[in-house]
Structures are given as C-alpha cells and as structure tokens.
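The structure appears right after this line, and notes come after that.
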Amino acid sequence: MDAPAVFTDTDVYQRSFDPQEYLKEFYTLNDSQGQPNTFLIQNLRSLSQMFSMDGLRGDTLIDVGCGPTIYQLLSACERFQEIIALDYTDQNRRELERWLKKEAGAFDWSPVVKYVCELEGDREKWAEKEENLRKKVKQVLKCDVTKANPVEPLSLPPADCVISTLCLEAACKDLATFRSALRNVGALVKPGGHLVMVTVLQETYYAFNKQVFSCLHLERNMVEEAVEGAGFEVKFSEAHPCLPGDVRVDCKAVLCLVARRRASVSE
C-alpha cells in the first residue's frame with residue numbers, strides 16, 4: 001500500500017473520517033483473530049510510565065488532537081484535576097462526547113480501562129476510573145494546530161501539561177509545518193509545565209475502512225529537535241519498534257517523549 005499522492009488535508013478528515021470504524025480497527029485489545037494489539041498495549045504501558053514521573057501532575061491537562069479516543073487519558077487522569085480535550089474533526093469530538101455522556105452506541109473502552117488499572121495494580125477499579133475521567137473532562141473544543149492559537153477565537157490559560165498522541169504527524173504536511181505546530185501547541189503549556197507526546201516514526205500512511213490517510217515521515221532526532229525548538233527540554237525519550245507486517249500502517253517505531261517547558265530562553 002502507498003501513501004496518498006497529496007497529503008491528506010483537514011477537509012478530507014472533516015468529510016470522510018469515520019471515528020467508529022477507526023476505533024473498531026485500532027482500539028480493541030485483541031484483533032479479530034484474537035491476537036493482542038501490541039501497538040496499543042505498548043502505548044498504554046508507555047503512558048503509564050510517563051505519567052508516573054516526578055513532576056507530572058497539576059491542575060490542568062490539555063489533550064491536543066484527542067481524536068475519538070480516551071486511552072491516552074487513563075493514566076493522566078490520576079494526576080490532573082481538569083482535562084480539556086481538543087480536536088479538529090467535528091465527528092471525533094462528537095464520538096468522544098458520546099462516551100463521556102454514556103450514550104447508546106458509544107465505544108466500549110472497558111477492556112482498555114481494565115488493562116490500565118491492572119498496570120496500576122487494581123483491575124477492579126476500572127468503573128471508578130471511567131467515572132473519574134468523565135468528571136475531569138470539562139471541555140471538548142475544536143482546535144487547529146496550524147494556528148498560533150490552536151483554539152481561536154477562544155483562549156485558554158496555560159496548562160500544567162499538554163499531551164498529544166498520534167496527532168501532529170497526521171496534521172502536518174512537512175517538517176516546517178510540524179515545527180510550527182509544535183510551537184503553537186507548546187504555547188499552551190505554562191513555563192515549567194510539561195509536554196507528553198506519542199509519535200509514530202517513519203510512517204507515511206495509515207489505512208482503515210478502505211481509506212488511506214497521510215502521515216509525515218519523521219525520525220526521532222527531528223521530533224526531539226522540534227520539541228527543543230519549541231522551548232522545551234527533553235526529559236524522557238524512548239522509541240519502541242513496531243511489529244512488521246501490518247498492512248494498515250508503515251510505521252517503524254513509536255516515540256514516547258516527556259519535555260519540560262523552559263521558564264526562559266536562557267534556562
């Protein structure tokens with residue numbers, strides 16, 4: 001399979017991205033053959049590890065490019081009091097709201113929540129964690145990471161932490177746009193606050209439901225340099241190889257990263 005000839009733009013996402021099909025394809029713990037979803041499981045383990053780090057706590061967490069998913073917030077919600085979820089695509093935000101409001105037909109995240117609770121030492125607390133997360137997500141807003149203020153015309157006070165998982169590489173057509181988007185997203189973090197990222201490396205496409213979406217081919221050093229260039233100091237960076245043979249994606253590795261926003265240019 002090949003990447004789209006032209007990088008997938010926001011209009012395509014708004015018009016044809018199907019969040020329910022996306023969730024069914026990529027966010028069950030086991031596939032239709034009963035094989036474990038190693039990509040998701042590794043990301044859950046990495047997120048649990050990152051949100052156990054010293055200093056990763058506070059009042060407000062902003063999730064940039066949340067999509068229709070909650071997995072990235074399951075460890076984070078124990079460390080922050082209020083969560084603001086941002087995504088460009090209307091149907092993604094609507095799908096997230098369905099789960100938050102316990103609407104009929106919402107995706108069943110309980111196997112994933114149970115797995116995270118098991119990582120944290122008590123599988124039986126999964127229902128409590130779901131309720132905790134639902135209470136803490138205070139706003140679900142539209143965003144565009146290519147804008148200097150991603151939530152314009154609104155404005156948000158700087159947060160203690162911003163998380164972005166599998167977003168910027170799908171939203172940015174080239175490295176210059178990626179670096180600019182990271183500066184825009186980084187400006188949502190208060191000085192001394194943290195940025196948490198999960199980013200695929202060397203991926204050019206991902207596919208589901210007979211559609212193919214573009215992804216910016218990134219190397220580890222490109223991501224780390226862009227994070228530093230956005231005013232952050234990388235505190236943790238770990239790359240995990242992706243299993244070969246998955247025709248739906250061509251990523252070679254996943255980079256998990258924590259960075260602290262410098263208090264000043266000279267820091």
Open item on the list: Can you confirm whether the side chains of Q35 and N30 place a donor and an acceptor under 3.5 Å from each other?
Closed with: no
Open item on the list: Can you classify the ring geometry of F213 versus F17 as parallel (below 30°), tilted (30 to 60°) or perpendicular (above 60°)?
Closed with: perpendicular
Open item on the list: Is the ring pair Y206/F208 parallel, tilted or perpendicular, if the boundaries are 30 and 60 degrees?
Closed with: parallel
Task: Note: D160-K190 ion pair, threshold 4.0 Å (strictly below) - done: yes
Task: With R220 via side chain to side chain contact (heavy atoms under 4.5 Å, CB included) - residues at least two apart - done: L201, E224, S237, A239, L255
Less than 3.5 Å apart, which donor and acceptor atoms pair up between the side chains of residues 145-158 and the rest of the protein, not counting sequence neighbours?
residue : atom : partner : partner atom : Å
T146    : OG1  : D144    : OD1          : 2.6
T146    : OG1  : D144    : OD2          : 3.4
N149    : OD1  : V151    : N            : 3.2
N149    : ND2  : L154    : O            : 2.7

Task: salt bridge (Lys or Arg N to Asp or Glu O under 4.0 Å) partner of E131, chosen from K102, K125, K136 - done: K102
- [ ] Treat each ILVMFWY residue as a node, draw an edge where side-chain heavy atoms are under 4.5 Å apart, and state whether L23 and V198 are in one component.
- [x] yes
- [ ] For this output row, return yes or no: ring centroids of Y27 and Y71 closer than 6.0 angstrom.
- [x] yes
- [ ] Looking only at non-hydrogen atoms, find the nearest pair between A3 and T204 and report the distance.
- [x] CB-O, 3.3 Å
Open item on the list: Restricting to non-hydrogen atoms, name the atom on R79 and the atom on F51 that form the minimum distance, rounded to 0.1 Å.
Closed with: CZ-O, 3.1 Å
- [ ] Could you grab the distance from atom CD1 of I70 to atom CG of D63, nearest 0.5 Å is fine?
- [x] 11.0 Å
